[in-house]
2 protein chains.
Amino acid sequence: MEVFLQTVAALNDDTRIKILRFLDTHGALCVCDLQMSFGMIQSRLSRHLKILKEGGFLRVERHGTWAYYSIRTPLDRFRSEALEEIRCLDIELPILNKTSQNGECKV
Amino acid sequence: MEVFLQTVAALNDDTRIKILRFLDTHGALCVCDLQMSFGMIQSRLSRHLKILKEGGFLRVERHGTWAYYSIRTPLDRFRSEALEEIRCLDIELPILNKTSQNGECKV
DNA sequence: TCATTAAATCAAGATATATTGATATATTTA
DNA sequence: TAAATATATCAATATATCTTGATTTAATGA
């Protein structure tokens, strides 16, 4: 069962779908940008990012204390189709709030 | 969110993955055949079949008191890819126990 | 109509997953 | 080294989903 079910489980949550769509739209973002944009408690966000990463959808690149998450490429066929479906969803996303740009985050 | 998340939710369960794989392998089967094969309580099976049907993976054809479930065709791209993934899984399936063939089910 | 069988539904308890607040880890800068 | 900030993890609770046993619905045939 393993990998496939983990991939499916990663998709099985509204919040994670939104995060995927958001990163697909805006490219790599650090946790604090996502946190500011979604107005979401940090531990919650961190958990969802972990599940998406372990589900094979995201990659992380660290720069100092910042962790930049982005859609992993290339995605395999199943994950690509999933992402394509997500692109077609009529969902409400937050506005991007890129506090980290100023070098000052203090989220 | 609607349809896509419902589709994903349908996939998000070991038992349902096995049922899909089983029906993909053996074609249309009635509930009692599945029940005998999987050794599963009827209400539990019925629930999973409902979720798979509502997730767009299965169709039902009624013949008298029997309800024959089978993989719905054609499947859209996402569901097809999902099924393809399921075909590649290394999972243990029960042996087909087709009691209904004799016209006597008494499951 | 009544009895029988297949399948669906419901309510209660069991299990899994998500959320929260607190704490831990790690990097940068003073 | 110490303080500050970003991120990850943990433990407790809240919420959702699954399982079970009982009941209901529906079709068949006596």
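The structure presented is a predicted model; accordingly, all values stated were derived computationally and were not measured. Below, chain A is the first sequence line, B the second, and so on; all start at residue 1.
- Looking at heavy atoms from C-beta onward, B/Leu20 lies out of side-chain contact with B/Asp24 at the 4.5 angstrom threshold.
- Between A/Gln35 atom CD and D/dT7 atom P there is a gap of 8 Å when expressed in whole angstrom units.
- In this structure, the CD atom of B/Glu61 is 19 Å from the P atom of C/dA6, given to the nearest Å.
- The nearest whole Å value for the distance from the CG atom in A/Leu52 to the P atom in C/dA18 is 10 Å.
- Nucleotide C/dT17 holds its P atom 16 Å from the CG atom of A/Asp14, rounded to whole Å.
- Counting only distance, with no hydrogens or angles, the side chain of A/Arg21 and the backbone of A/Ile86 share a donor-acceptor pair below 3.5 Å.
- Counting non-hydrogen atoms under 4.0 angstrom, A/Tyr68 reaches nothing in the nucleic acid.
- Computed from coordinates, the A/Ile17 CD1 to C/dA18 P distance equals 12 Å when rounded to whole Å.
- Using a distance-only test at 3.5 Å, with no hydrogens or angles considered, no donor-acceptor pair links the side chain of B/Ser37 to the main chain of B/Pro94.
- A/Leu45 has its CG atom 16 Å from the C1' atom of C/dG21, to the nearest Å.
- In this structure, the CG atom of B/Leu49 is 11 Å from the P atom of C/dT9, given to the nearest Å.
- When the side-chain nitrogen and oxygen atoms of B/Tyr69 are compared with OP1 and OP2 of C/dA8, one or more of them lie within a distance under 4.0 Å.
- Side chain to side chain, B/Thr15 and B/Arg44 meet the donor-acceptor criterion of an N or O pair below 3.5 Å.
- Not one N or O on the side chain of B/Arg16 forms a donor-acceptor pair closer than 3.5 Å with the backbone of B/Leu11.
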Polar atoms only, N or O, under 3.5 Å: list the protein pairs with nucleotides 18-28 of chain D and their distances.
{"from": "D/dC18", "atom 1": "OP1", "to": "B/Arg16", "atom 2": "NH1", "distance (Å)": "3.1"}
{"from": "D/dC18", "atom 1": "OP1", "to": "B/Arg16", "atom 2": "NH2", "distance (Å)": "2.8"}
{"from": "D/dC18", "atom 1": "OP2", "to": "B/Arg47", "atom 2": "NH1", "distance (Å)": "2.7"}
{"from": "D/dC18", "atom 1": "OP2", "to": "B/Arg47", "atom 2": "NH2", "distance (Å)": "3.2"}
{"from": "D/dT19", "atom 1": "OP1", "to": "B/Arg44", "atom 2": "NE", "distance (Å)": "3.3"}
{"from": "D/dT19", "atom 1": "OP1", "to": "B/Arg44", "atom 2": "NH2", "distance (Å)": "2.8"}
{"from": "D/dT19", "atom 1": "OP2", "to": "B/Arg44", "atom 2": "NE", "distance (Å)": "3.4"}
{"from": "D/dT19", "atom 1": "OP2", "to": "B/His48", "atom 2": "NE2", "distance (Å)": "2.4"}
{"from": "D/dG21", "atom 1": "O6", "to": "B/Ser43", "atom 2": "OG", "distance (Å)": "3.0"}

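- Under the 3.5 Å distance criterion, the side-chain polar atoms of B/Arg79 are matched with a main-chain donor or acceptor of B/Gly55.
- Counting non-hydrogen atoms of other residues, nucleotides and ligands closer than 6.0 Å to CZ of B/Arg87 gives a total above 12.
- Note: CD (B/Gln6) to C1' (D/dA16) measures 15 Å, nearest angstrom.
- At the phosphate of D/dA8, neither OP1 nor OP2 sits under 4.0 Å from any side-chain N or O atom of A/Lys50.
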